[in-house]
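Data block below; observations after.
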Amino acid sequence: MEESKDILLTLGDNIKALRKLKGLTQVDMETRTGIDAGDLSRIESGQVNLTFVKLVKLAAALDVELNELFAIKNK
């Protein structure tokens, strides 16, 4: 269970970092993906286990390859 939470936190951190790097707000992402800004907030905080469709929408909105959402950064 702890490993799953770590994965979701990493994914959320990556999405948030990419969004900010692109200069996008959560509302911008809502417009681009159809994913509610509140849901996006929960995604970015690692509280939501995403569907594949939402992952594809997020990657497209961020103009990145899907695998970039899962990149594990050395801390």
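- Here the side chains of N14 and F70 are not in contact, with every heavy-atom distance at 4.5 Å or above.
- Taking 4.5 Å as the limit, some side-chain heavy atom of L69 sits within range of a side-chain heavy atom of L62.
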Open item on the list: Apply side-chain contact (heavy atoms from CB on, under 4.5 Å) to residues L40 and L58 and explain how you reach the verdict.
Closed with: CA-CA 10 Å; L40 185 59; L58 288 166; 3.9 Å; yes
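- For the pair N49 (side chain) and L8 (backbone), a donor-acceptor distance under 3.5 Å is absent.
- A single hydrophobic cluster is not seen to contain both I7 and L18; linkage of ILVMFWY side chains at heavy-atom distances under 4.5 Å, directly or through other members, places them apart.
- Separation of atoms NZ (K57) and CG (L66) is listed at 14.0 Å; rounding is to 0.5 Å.
- Using a 4.5 Å heavy-atom threshold, the side chains of I43 and I35 count as touching.
- Residue pairs meeting the side chain to side chain donor-acceptor pair (under 3.5 Å) criterion with at least one partner in residues 32-42, sequence neighbours excluded, are D39-R42.
- Residues L50 and I15 have side chains in contact (heavy-atom distance under 4.5 Å, counting atoms from C-beta outward).
- The side chain to side chain donor-acceptor pair (under 3.5 Å) analysis of residues 21-30, with sequence neighbours excluded, yields the pairs T25-D28, Q26-E44.
- No path of Ile, Leu, Val, Met, Phe, Trp and Tyr side chains, each step under 4.5 Å between heavy atoms, connects M29 with V53, placing them in separate hydrophobic clusters.
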